[in-house]
Amino acid sequence: MHAFQIPLMPPYSFERLFQRLQTHPDPQLEVQAENNLLRRVFRVGSRPVLTSLQFVGSIDQPVLQVGTTSALSAEERDELVRTIRHVFCADLDLLPIYEQMQEEAELAVLVKRFRGLRLMHDSDLFQSMVKTIIGQQINLTFAANLTQRLLALAGDEVVDERGVKFLAFPTAEAVARLAVEDLRPLQFSQRKAEYIIDYARAIVDGTVELERLWAMEDEEVVAHLTALRGIGRWTVECLLMFGMGRPNLLPAADIGLRNGISLVYKLDTKPDEKEIRRMGERWEPWRSIYSLYIWEAVGAVKRKEVWEE
DNA sequence: GTCCAGGACTCGC
DNA sequence: GCGAGTCATGGA
């Protein structure tokens, strides 16, 4: 085992991260909550590397202890560290965001309750988009099942030292080689299978260049990608938030966010997209973090956490 | 059985 | 431009 440490920006709540994973299962993660331990495969270059991630320290002095089963060159290790810092949102300063959130009593409650909660981002933009398309319309549990089945069908297998098998997320090339008929038996709808395969082929043939997105403004990315069939505004907003880590996204049409706002503000009805965008104006430029904390209020209810104020 | 899930597309008006 | 229907499954 090759080990090293990555310091994280405080506050960082491992407890909240693991609780969130209960309601937001990730098929790529092996979770050992009792040890604050995660294991998954990251791609370094194109090479799948099995990685263990143990959270040590505390909410105010958080450190990630990283181990890989295979040896890495200095360059590979730098790339893996960059990926991990991105995935675990290691560099975001939450304090000014909390200060702003506390201006609203309904949100100050969330800051107190979820202090140190950060988004887990996707490790690359291809898988972020595929997972988001899979998640369109269906519940999170079913979405995780479909993602797991796609991993089993087209992912790359990595075996650890004890012979336990892990799957790396399929490459765009592997998904581009699939046919709709391969995904239908996995309970992908006809259209969803088409969207995912078409998207993978657009990546492989160069119609879409994901690396160019990093230089674009949020709305440019929306305009650029919604031109593709099966990719609407919600999907690109999720890509920007979960895949790219952009801080100011508000997926106002999202059913979970609508439920969350209704819950947090104790409304009798679900606000519509227009109302949410109007409310969100005062949350700029941190609307992604507001969204996360509002979503998590719904997650806490699903987990039957006791809600006290 | 019914309704809703962290949507998007197509069609008819 | 806007509403209704469609897709597919699982959990409440």
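All chains are named by letter (A, B, ...) in the order of the sequence lines, taking the proteins before the strands, and each is independently numbered beginning at 1.
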Pull out every protein N or O sitting under 3.5 Å from an N or O of nucleotides 3-5 of chain B, one pair per line with the distance.
from	atom 1	to	atom 2	distance (Å)
B/dA5	OP1	A/Asn259	ND2	3.0
B/dA5	OP1	A/Lys270	NZ	3.1
B/dA5	N7	A/Gln137	NE2	3.1

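For the pair A/Asp198 CG and B/dA8 P, the interatomic distance rounds to 16 Å; values are reported in whole Å. As rounded to whole Å, 15 Å separates atom P of B/dC9 from atom OH of A/Tyr199. When rounded to the nearest whole Å, the span between CD1 of A/Ile134 and P of C/dG10 equals 15 Å. A/Leu146 places its CG atom 14 Å from the P atom of B/dG7, with the value rounded to the nearest Å. If you measure from atom CD of A/Gln187 to atom C1' of C/dG10, you get 10 Å, rounded to the nearest angstrom. B/dA8 atom C1' lies 13 Å from atom CG of A/Leu228, rounded to whole Å. In this structure, A/Phe188 atom CZ and B/dA8 atom P are separated by 17 Å, rounded to whole Å. We find that CZ of A/Arg229 is positioned 13 Å from P of B/dA8, with the value rounded to whole Å.
Using a 4.0 Å cut-off between charged nitrogen and carboxylate oxygen, A/Glu273 and A/Arg277 count as a salt-bridge pair. Between A/Glu219 and A/Arg233 a salt bridge is recorded (basic side-chain N to carboxylate O distance below 4.0 Å). Taking 4.0 Å as the cut-off between side-chain N and carboxylate O, A/Asp160 and A/Arg162 count as a salt-bridged pair.
With no hydrogens or angles considered, a side-chain donor-acceptor pair links A/Trp283 and A/Glu104 at under 3.5 Å. A/Gln148 and A/Asn145 share no side-chain donor-acceptor pair at under 3.5 Å. With no hydrogens or angles considered, a side-chain donor-acceptor pair links A/Gln136 and A/Thr235 at under 3.5 Å.
Within 4.0 Å (heavy atoms only), A/Arg20 reaches at least one base atom of the nucleic acid. Residue-level contact check: A/Trp234 touches the backbone only, with heavy atoms under 4.0 Å from sugar-phosphate atoms and none from bases.
Under 4.0 angstrom from either OP1 or OP2 of B/dA8 there lies at least one side-chain N or O belonging to A/Thr235.
Rounded to a whole angstrom, the distance from the P atom of C/dC2 to that of B/dA5 is 23 Å.
Across all strands shown, B/dG1 has no partner, as no Watson-Crick or G-U wobble contact with both distances under 3.5 Å is found.
The backbone N or O of A/Arg287 lies less than 3.5 Å from a partner atom in the side chain of A/Asn248, making a donor-acceptor pair.
Residue order along DNA chain B, read from the 5' end via each residue's closest nucleotide, puts A/Leu257 first among A/Thr226 and A/Leu257. Nearest-nucleotide assignment on DNA chain B puts the 5′-proximal partner with A/Cys238, out of A/Gly230 and A/Cys238.
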